[in-house]
Amino acid sequence: MDERTLIERMRGTRVPDYYDGMYRQGFKPWEILEAAHRSIIKQYEAR
């Protein structure tokens with residue numbers, strides 16, 4: 001099964017983990033939101 005998100009499949013690349021300043025690197029708002037969402041989920045699962 002493909003574990004990439006819909007955005008990653010559409011872009012053909014992986015969105016990196018969220019970090020401050022992603023907008024300066026040229027990521028689109030929906031890509032930043034996707035990265036932040038995955039980071040929140042990872043933190044939740046770690047607890």
Side-chain angles (χ1 to χ4, degrees):
M1 180 174 200
D2 191 1
E3 294 185 18
R4 295 179 300 165
T5 64
L6 176 61
I7 293 172
E8 291 167 342
R9 283 181 277 179
M10 289 171 58
R11 289 182 72 221
T13 60
R14 295 215 29 113
V15 176
D17 289 338
Y18 176 80
Y19 59 90
D20 247 359
M22 285 184 80
Y23 65 94
R24 285 182 260 154
Q25 299 296 320
F27 288 100
K28 304 293 183 208
W30 57 86
E31 295 168 333
I32 297 170
L33 183 61
E34 176 69 21
H37 180 257
R38 282 192 285 122
S39 293
I40 291 168
I41 297 297
K42 284 180 185 178
Q43 290 174 5
Y44 176 77
E45 290 175 345
R47 292 185 207 168

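FYI, side chains are in, hydrogens and waters are out, and symmetry mates aren't considered; it's all heavy atoms of this structure. Computed from a prediction, not measured in an experiment: that's the story for all the values here.
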> For Lys42, what residues pass the salt bridge (charged side-chain N to carboxylate O under 4.0 Å, His left out) criterion, not counting sequence neighbours?
Replying inline: Asp17
For the [atom1] atom of [X] and the [atom2] atom of [Y], what is their distance to the nearest 0.5 Å?
X	Y	atom1	atom2	answer
Leu33	Phe27	CG	CZ	14.0 Å
Ile40	Glu45	CD1	CD	12.5 Å
Glu34	Met22	CD	CE	10.0 Å

> Arg38 and Pro16: which non-hydrogen atoms are nearest, and at how many Å?
Replying inline: NH2-O, 3.8 Å
>> On a heavy-atom basis, which atom in Ile32 and which in Tyr18 lie closest, and how many Å separate them?
In response: CG2-CE1, 3.7 Å
